[in-house]
Protein chains: 2
Amino acid sequence: MYPRKNADAGSVSTINTSSGMAENGWPRANKLWSNLSDVCTLLRINISSSITDDDFRFQHVHFKPGQRIHTVGQPFDMLYIVNSGFLKTVMIDESGNEQVISFPMKGDLFGIDGIHNRQYTSEAVALSSCDIILVPFKKFAAMGRTHADLETAIYSVMSRELTREQAMVSMLGSLCAEARVARFLVSLSDRFSALGYSGKEFNLRMTRHEIGSYLGLTLETVSRTLSAFNDIGLISVDQRAIAINDLHALKTLRRLPPSRARTKPDSAKKKALAAVAAAAQSTEAVPAA
Amino acid sequence: MYPRKNADAGSVSTINTSSGMAENGWPRANKLWSNLSDVCTLLRINISSSITDDDFRFQHVHFKPGQRIHTVGQPFDMLYIVNSGFLKTVMIDESGNEQVISFPMKGDLFGIDGIHNRQYTSEAVALSSCDIILVPFKKFAAMGRTHADLETAIYSVMSRELTREQAMVSMLGSLCAEARVARFLVSLSDRFSALGYSGKEFNLRMTRHEIGSYLGLTLETVSRTLSAFNDIGLISVDQRAIAINDLHALKTLRRLPPSRARTKPDSAKKKALAAVAAAAQSTEAVPAA
DNA sequence: CGGAATATTGAGGGTCATCAAATGTCGTGG
DNA sequence: CCACGACATTTGATGACCCTCAATATTCCG
């Protein structure tokens, strides 16, 4: 039912020597292991109490671009945390079309969707070289039973993911294409900043097609919108390279004025965009519209 | 920051006599209480072990149409389970627009979004008279620590909600208006059936505007689509009363054929819809497109 | 270098939002 | 009981937004 490359995740936890292990389709596992403290730090969880007595070690596995961490229908028993690299998670509808759900990066947890039916409903694909921490869910939950902070944090992370998806639904239901792309850029900028990277200049790790799938748009609309943002100076874009020139305008770009643009039909869109940018820059002095 | 009717939920748990308590804006609490076993049954959780020793009682509160169970920004410490009635949950974006996120009904759990930031990010409003069970989250989680099945179930419910929202994102990103409305009707039908009510005939508890908000459409589009379904016989609709005439066609309605309709522009849509319905009914014998 | 994948840009049309008007429903009070 | 207003629903006309199709340019990688 899920005829993809890699086998089930269960077999991995049995490999404790981590030599080469190219068997059964799984990529090589580096000899890196994390303890609970490392994991909590990565998830930005404040674990107060002394947990140094935990001897459990979480295994790291390395994936190359294009490799799948888990597939739809695969039996669930692991959560995954990104230690480095970039991925996408996708759902596959009944007609076989992929829909991008999220772009996990360092510190993000994924695989939660597998808990309910004891198998994953989504698929995670590496977009770059990735170092992924395997988190056996049963063990993790059991540790939560003795570490109150950890249990709270697990619930919290799941709640955060739910809120994130709800915000996504809200966005798809109410924002126009330009606002969606603007928010996407702002979101990426914020996430890079939070990780200590530059929020002003970064490279997109995904294609226009994947961005469009994530935002409910076509790749052409994404490309056109990025070009339009570039033309009016909000960003500078060259293929995958992005430079944010006016973060505030991107953040406040909501929905281009419904009508009221008496200019000729041609070039009206660019004028509207420019007007929005101008209004956003001069935060207060809007000339009576 | 959240200047709505009702006060914080925290004060309620202190009321154990449940007399009239019309104070502080909360609606009257009936003298109904549930134990853990009742709650698990309602949530469709299989609790194996003996949990009859639990003396904790979950309070019921009654809400009338229009009343809010919780509001955005309100401090979180409760989850809520619907014992009877129908509600909506909404998110409110920065410009004050409401976006319907879900329509909870009997057996559904809501309030999960409040865990992460210790305050709700959404608002729950009763659409009919509702009997709601208050579930103090800390107490619930603590019970999960001693009842493994319960802990698993809590994680499972949260995972299910996440998956549901992901499916919603996928739908909004890929389906046209007719397919969204069709899925909405099928979803309602399935949920009513699962509760023992008729999945063929039921009343909508929400307005066209709320349906549209939920599906990312305008109320006019919802109305038009329902009328179109009615015209080709898929359903019978009269205001809030719905009768499903062809569930299979609704389930298989995906996306009306992109082009290929060389008929005149007028009435082309109805022909396309009729064609889809016919194709869905004769599940196999499609005459060469 | 050459082929595949990705990205850009243009032209045209379909879907659905917007605006508008009429009808239907419901609760309230005269 | 009916008038009245507020709200919900239906239906039509119009066109903006964005998808589709298409051609070209650019990058990546063997």
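None of these values were measured; they are calculated from a predicted model. Throughout, a chain's letter reflects where its sequence line sits, starting with A, and its residues are numbered from 1.
Considering CE of A:M91 and CD of A:Q99, their distance stands at 9.0 Å, rounded to 0.5 Å.
Summarising the geometry of A:S189 relative to A:G199, their closest heavy-atom pair is OG-O, 2.7 Å, with the distance given to 0.1 Å.
Between B:H70 and B:F110, the ring planes are tilted. Angles from 30° to 60° get that label.
Between A:S227 and C:dT9 there is a side-chain N or O to OP1 or OP2 distance below 4.0 Å. Put simply, A:R208 has a side-chain N or O that comes within less than 4.0 Å of OP1 or OP2 on C:dT8.
A heavy atom lying under 4.0 Å from DNA chain C marks the following residues of residues 216-224 of chain A, by number: A:L219, A:E220, A:S223, A:R224.
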Notebook entry, point to check: After noting the C-alpha distance and the side-chain angles of A:V222 and A:F184, does the key distance pass the side chain to side chain contact (heavy atoms under 4.5 Å, CB included) rule?
Noted result: CA-CA 11 Å; A:V222 173; A:F184 175 71; over 6 Å; no

Next item on the list: Go through the steps to decide whether A:Y80 and A:L87 satisfy the test side chain to side chain contact (heavy atoms under 4.5 Å, CB included), and finish with yes or no.
Entry: CA-CA 12 Å; A:Y80 304 91; A:L87 344 222; over 6 Å; no

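Ring centers of B:Y214 and B:F103: under 6.0 Å apart, within the cut-off.
The nearest whole Å value for the distance from the CZ atom in A:R180 to the C1' atom in D:dC17 is 11 Å. For the pair A:I211 CD1 and C:dT6 P, the interatomic distance rounds to 12 Å; values are reported in whole Å. Across the protein-nucleic acid pair, B:D238 atom CG and C:dG24 atom C1' stand 10 Å apart, rounded to whole Å. Spacing between atom NE2 of A:H209 and atom C1' of C:dT8 amounts to 17 Å, rounded to whole angstrom units. In this structure, A:Q239 atom CD and C:dA5 atom C1' are separated by 11 Å, rounded to whole Å. In this entry the distance linking CD1 of A:I242 with P of C:dA7 reads 11 Å, nearest Å. Going from atom CG of B:L204 over to atom C1' of D:dT10 covers 15 Å, rounded to whole Å. Computed from coordinates, the A:E210 CD to C:dA5 C1' distance equals 12 Å when rounded to whole Å.
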